[in-house]
Number of protein chains: 2
Amino acid sequence: MEPTIPRKYSLRAEMFKALAHPARIYILDKLRERPRCVCELAAEIGLEKSAASKHLSQLKEAGFVEDERRGTLVEYRLVAPCVLDMAACAEGTILENRRKRLEIPGEG
Amino acid sequence: MEPTIPRKYSLRAEMFKALAHPARIYILDKLRERPRCVCELAAEIGLEKSAASKHLSQLKEAGFVEDERRGTLVEYRLVAPCVLDMAACAEGTILENRRKRLEIPGEG
DNA sequence: TGCAATGTTTCCATAATTTGCAACATGGAG
DNA sequence: CTCCATGTTGCAAATTATGGAAACATTGCA
């Protein structure tokens, strides 16, 4: 069948795709406190630096973070605070609905 | 390497994954107006009813929509309006950042 | 009962994503 | 300059996602 979905929705989907991985969500939450380098994030999420770098590249491409080199390090920082509100929305409504429906106990 | 990402972030990622497809974003926007049946949505997004049904199943599993049978039809409706705010956030900040970065390189 | 309309599930092929390893690039120290 | 630390990119394997076709399920109606 022929696709008829306007481009606007593809752009939105790309943005959400950048958030559609536990490691990337975790990274954003860590960057909420303060900027961090790749090696620090890699250690925290338990991935090779190459994998961490690729996740950060996706977040950067989507516009959620920016990077700046400091010596041998590359520091990443959060630039789209509204993503936190999005996550909050998730916690407050979506996951709540899901818990009720599936009877999953809440987690802090 | 061993994964050390808390379950909380996996749950959030699952929710965003449900939004990480143009067809599903399009569906949610259509449901914003009024509830619709599977066949209507399938025609609008240009997919077979089976594919449309699977997309709706994912949205339902994530808690964004609910379904109710009406005769031979199955009507889907939006139950998490905050998803619209999330999309608005996307339009307003993320995509704007991206435009600046891709079209005006070298500018802070 | 039989039949049509609508949805869901299953199977399969194709495409996209993710990861680690290795190679390469960049910057600082000696 | 060389050596080392940090990041990025290329590659291949494994995993996951997607879509169509067909089978199956459910409802309404004659």
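The sequence lines fix the lettering, A, B, ..., with proteins before strands; numbering per chain opens at 1.
- For A/R69, no side-chain nitrogen or oxygen approaches OP1 or OP2 of D/dT6 to under 4.0 Å.
- B/D67 places its CG atom 15 Å from the C1' atom of D/dA25, with the value rounded to the nearest Å.
- When distances run from any side-chain atom of A/R24 to the nucleotides C/dT10, C/dT18, D/dT6, the shortest one goes to C/dT18.
- Counting any heavy atom pair closer than 4.0 Å across all strands shown, A/R70 reaches no nucleic acid atom.
- At D/dT18, one or more side-chain N or O atoms of B/Q58 fall inside 4.0 Å of OP1 or OP2 (strictly under the cut-off).
- Counting all heavy atoms, side chain and backbone alike, A/L28 lies closest to A/L19 at CD1-CD2, 3.5 Å.
- Comparing B/E40 and A/A20 against DNA chain C, the residue whose closest nucleotide sits nearer the 5' end is B/E40.
- In this model, the phosphate group of C/dA15 is not approached by any side-chain N or O of B/H21 to a distance below 4.0 Å at OP1 or OP2.
- Scanning for side chain to side chain contact (heavy atoms under 4.5 Å, CB included) contacts around B/A13 gives A/P22, A/I25, with sequence neighbours left out.
- Taking the nucleotide of DNA chain C with the nearest heavy atom to each of A/A23 and A/G71, the more 5' of the two is matched to A/A23.
- For the pair B/E61 CD and C/dT9 P, the interatomic distance rounds to 12 Å; values are reported in whole Å.
- For the OP1/OP2 pair of C/dT17 and a distance below 4.0 Å, the side-chain nitrogens and oxygens of A/H55 include no atom meeting the criterion.
- For the pair B/T72 and C/dA5, the criterion of a side-chain N or O lying under 4.0 Å from OP1 or OP2 is not met.
- Between the side chain of B/K54 and the base of C/dG7 there is no donor-acceptor pair of N/O atoms closer than 3.5 Å.
- The distance between atom CZ of B/R36 and atom P of C/dT6, rounded to the nearest whole Å, is 16 Å.
- Proximity of A/D67 to A/V38: side-chain heavy atoms (C-beta onward) are nowhere separated by under 4.5 Å.
- The ring pair (Phe, Tyr, Trp, His ring centres under 6.0 Å) test applied to B/Y26 returns A/Y9, not counting sequence neighbours.
- In this structure, the separation between CG on B/L41 and CG on B/L59 is 9.5 Å, given to the nearest 0.5 Å.
- One interatomic measurement links the two molecules: CG of B/L47 to C1' of D/dA17, which rounds to 14 Å at whole-angstrom precision.
- Counting non-hydrogen atoms under 4.0 angstrom, B/K17 reaches the backbone sugars and phosphates but no base.
- Distances shown here put every side-chain N or O of A/S53 at or beyond 4.0 Å from the OP1 or OP2 atom of D/dG7.
- Atom CG of B/L41 and atom P of C/dT8 are 11 Å apart (whole Å).
- Residue A/E14 contributes atom CD, which lies 14 Å from atom C1' of C/dT17 at whole-angstrom precision.
- Residue A/Y76 places no side-chain N or O under 4.0 Å from the OP1 or OP2 atom of D/dT6.
- Side-chain atoms of B/V74 lie closest to C/dG7 of the nucleotides C/dC11, C/dG7, D/dT18.
- Put simply, NZ on A/K60 is 13 Å from C1' on D/dT9, counting in whole angstrom units.
- At whole-Å resolution of the value, OH in B/Y26 and C1' in D/dG19 are 19 Å apart.
- Listed by chain and number, the residues in a salt bridge (Lys or Arg N to Asp or Glu O under 4.0 Å) with B/R77 are B/E66, B/E68 (sequence neighbours excluded).
- With sequence neighbours excluded, the residues satisfying side chain to side chain contact (heavy atoms under 4.5 Å, CB included) with B/H21 are B/A23, B/R24, B/H55.
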Which protein N or O atoms sit under 3.5 Å from an N or O of nucleotides 22-24 of chain C?
none

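- A search for salt bridge (Lys or Arg N to Asp or Glu O under 4.0 Å) contacts involving A/E44 returns A/R36, not counting sequence neighbours.
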